[in-house]
> 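Starting off with a structure, shown below.
Excluded from the calculations below are hydrogen atoms, water molecules and symmetry mates; all remaining heavy atoms, backbone and side chain alike, are included. Small disclaimer: the values here were computed from a predicted structure and weren't measured.
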Amino acid sequence: MFTIQNILIADDHELVIKGICEVLHKTFEIGNIVTLTNPVNLAEKMRACPFDLYILDLEFEHVSGFDLIEQIRKEQPGARILVVTMHDEIWNVNRLLQSDVNGIVLKRSSPDYLPKAVRTVMDNDTFLCPRFKEVAAGSSGYKNRQGVVKITPSEQRVLQYIVDGCTSRQIADAMCLTENTIEAHRKSLFLKLDARNVAHLVSLAIRRHLVK
C-alpha cells in the first residue's frame with residue numbers, strides 16, 4: 001500500500017474533512033493527518049511539521065484558499081498541493097489554472113477521483129478531474145472554428161521541454177520565467193490536449209506532431 005507520512009487537510013466543513021480522511025485511510029497508509037477548518041494558523045503548522053501533501057478548499061471565513069496556496073509555496077516551494085473544492089465558477093476556474101497547484105478535484109466529481117488525484121500528485125504529476133476540464137474548456141475558447149486545439153508559442157516551447165524530460169524549474173530557468181508561469185502553461189496543455197498525466201501528455205504531443 002502506498003504510504004504518505006504527513007497530510008494537512010483544510011476545509012471549512014467538518015463533514016467534508018471526515019469524508020476525505022475516510023477515503024485516504026481506505027486507499028493509503030497514512031502516518032499523520034492534521035485537519036483545519038479555520039487555517040489562519042497554517043504557517044505555524046507548516047513550520048512545526050512540513051507536510052508531504054496539502055489538500056485545500058478555496059473558501060474560508062477569514063482567509064482565501066488562493067492566499068493559502070501562496071503561503072505554502074513561500075514556506076515550502078516543493079510542496080504538493082491538491083485543491084478539492086465545489087467552486088467551479090469561471091473566475092475561480094481561470095484563477096486555478098494560473099495557480100501553482102499540483103491537482104484539482106471538484107467536489108461534484110465522483111469520489112473515485114480523489115485517491116487517483118492523490119496518487120498522481122504524490123508521483124509529482126499533475127491531475128485535473130474530468131469535471132474541471134469540462135468547465136475550463138467551456139470558458140477558455142482554446143479551439144478555433146474548425147475545432148482544432150490552439151497552442152500558443154510559449155506553450156509549444158514548454159511542451160517541447162516537457163517531452164525532453166525537463167522539470168518545471170529547469171523550464172522556468174531556460175525560458176527566464178517563474179515556476180508559477182510554467183505550471184500555468186502545464187495545466188493549460190493538460191486541458192487542451194485532455195491529457196491524464198505527463199506520460200500521456202508526451203505521447204499525445206508526439207502522435208500529433210506538436211514537438212520535434
> For the CG atom of L189 and the NZ atom of K187, what is their distance to the nearest 0.5 Å?
11.0 Å
> Classify the ring geometry between Y113 and F127 as parallel (under 30°), tilted (30 to 60°) or perpendicular (over 60°).
tilted
> Would you say that K18 contacts E22 through its side chain, given a criterion of any heavy-atom pair below 4.5 Å between the two side chains?
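Side-chain contact under 4.5 Å: yes.
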> If you define the side chain from C-beta out and look only at heavy atoms, does anything of I104 sit under 4.5 Å from C129?
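With C-beta onward as the side chain, the pair stays apart.
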> To the closest 0.5 Å, what do you measure between OG (S188) and CD1 (I151)?
8.5 Å
> Taking NE2 in H13 as the centre, count heavy atoms belonging to other residues, nucleotides or ligands within less than 6.0 Å. Is the count above 12?
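It does not: H13 NE2 has 12 such atoms or fewer within range.
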> Hey, could you give me the CD1/OG1 distance between I30 and T27, rounded to the nearest 0.5 Å?
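Result: 8.5 Å between the selected atoms.
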> Given the rule in the side-chain contact (heavy atoms from CB on, under 4.5 Å) test, do L106 and T85 qualify, once you have shown the distances and angles that lead to the verdict?
CA-CA 5 Å; L106 295 180; T85 184; 4.0 Å; yes
> For the residue pair V118 and T120, establish whether any side-chain heavy-atom pair is separated by less than 4.5 Å.
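No; the side chains remain at least 4.5 Å from each other.
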> Ignoring hydrogens, what is the shortest heavy-atom contact between R208 and L193? Give both atom names and the distance.
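Reported closest heavy-atom pair: NH1-CD2, 3.5 Å.
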> Would L128 end up clustered with M86 when hydrophobic side chains under 4.5 Å apart are linked, directly or stepwise?
no
> When you measure from the side chain of N41 to the backbone of E44, do you find a donor-acceptor pair of N or O atoms at a distance under 3.5 Å?
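Absent.
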> Should V198 and R186 count as side-chain neighbours, where that means a heavy-atom distance under 4.5 Å?
yes
> Which is it for S154 and H185 under the side-chain contact (heavy atoms from CB on, under 4.5 Å) test, yes or no, and what are the steps along the way?
CA-CA 8 Å; S154 293; H185 284 317; 3.8 Å; yes
> Going from CG on N102 to CE on M122, what distance comes out if it is rounded to the nearest 0.5 angstrom?
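Between atom CG of N102 and atom CE of M122 there are 10.0 Å.
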> Could D88 and R131 be called an ion pair, given the rule that one side-chain N must be under 4.0 Å from one carboxylate O?
yes
> Answer yes or no: is there an ion pair linking D11 with K107, defined by an N-O contact shorter than 4.0 Å?
yes
> Would you mind checking if D112 and K116 are paired as a salt bridge, meaning a charged N to carboxylate O distance below 4.0 Å?
no
> Please give me the minimum heavy-atom distance between L36 and K45, naming the atom from each residue.
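Heavy-atom minimum between the residues: CD2-CE, 4.0 Å.
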> Looking only at heavy atoms, what is the nearest atom pair of F60 and D12, with distance?
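Result for this residue pair: CE2-N, 3.6 Å.
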> Any idea which heavy atoms bring R73 and A79 closest together, and the distance?
NH1-O, 2.6 Å
> Thinking salt bridges, do K192 and E155 make one under a 4.0 Å N-O criterion?
yes
> Hey, does L204 have a side-chain heavy atom less than 4.5 Å from the side chain of F190?
no
> On a heavy-atom basis, which atom in F28 and which in R119 lie closest, and how many Å separate them?
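Here F28 and R119 meet closest at CZ-N, 4.0 Å.
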> Tell me whether N197 contacts the main-chain N or O of A199 through its side chain, where contact means a donor paired with an acceptor under 3.5 Å.
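Answer holds: yes.
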> Find the distance between CG (L159) and CG (L201) and round it off to the nearest 0.5 Å.
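L159 CG to L201 CG: 5.5 Å, rounded to 0.5 Å.
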> Would you check if V16 and V84 make a side-chain contact, meaning some heavy-atom pair closer than 4.5 Å?
no
> Taking the side chain as C-beta and beyond, is there a heavy-atom pair between I7 and D52 under 4.5 Å?
no
> Please check if any side-chain donor atom of N94 sits under 3.5 Å from a side-chain acceptor atom of Q98, or the reverse.
no
> Which residues pass the ring pair (Phe, Tyr, Trp, His ring centres under 6.0 Å) test with F51, not counting sequence neighbours?
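For F51, the residues satisfying ring pair (Phe, Tyr, Trp, His ring centres under 6.0 Å) (neighbours in sequence not counted) are Y54.
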> Taking the side chain as everything from C-beta on, heavy atoms only, tell me whether F132 gets closer than 4.5 Å to L191.
no
> Using 0.5 Å steps for rounding, measure from the CD1 atom of I162 to the CZ atom of R157.
13.0 Å
> If you apply the rule side-chain contact (heavy atoms from CB on, under 4.5 Å), what do you find for D173 with Q170, and how did you get there?
CA-CA 5 Å; D173 291 342; Q170 290 170 330; 5.7 Å; no
> Go through S168 and E183 one step at a time and tell me if the side chain to side chain donor-acceptor pair (under 3.5 Å) criterion holds.
CA-CA 7 Å; S168 290; E183 287 300 325; 2.5 Å; yes
> For V211 and I206, what are the C-alpha separation, side-chain angles and deciding distance, and is it a side-chain contact (heavy atoms from CB on, under 4.5 Å)?
CA-CA 6 Å; V211 293; I206 293 173; 4.1 Å; yes
> Quick check: closest heavy atoms across D67 and V63, and the distance to 0.1 Å?
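Answer, listing the atom of D67 first, then V63: CB-CG2, 4.2 Å.
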> Are V40 and M46 grouped together when hydrophobic residues (ILVMFWY) are joined by side-chain heavy atoms under 4.5 angstrom apart?
no
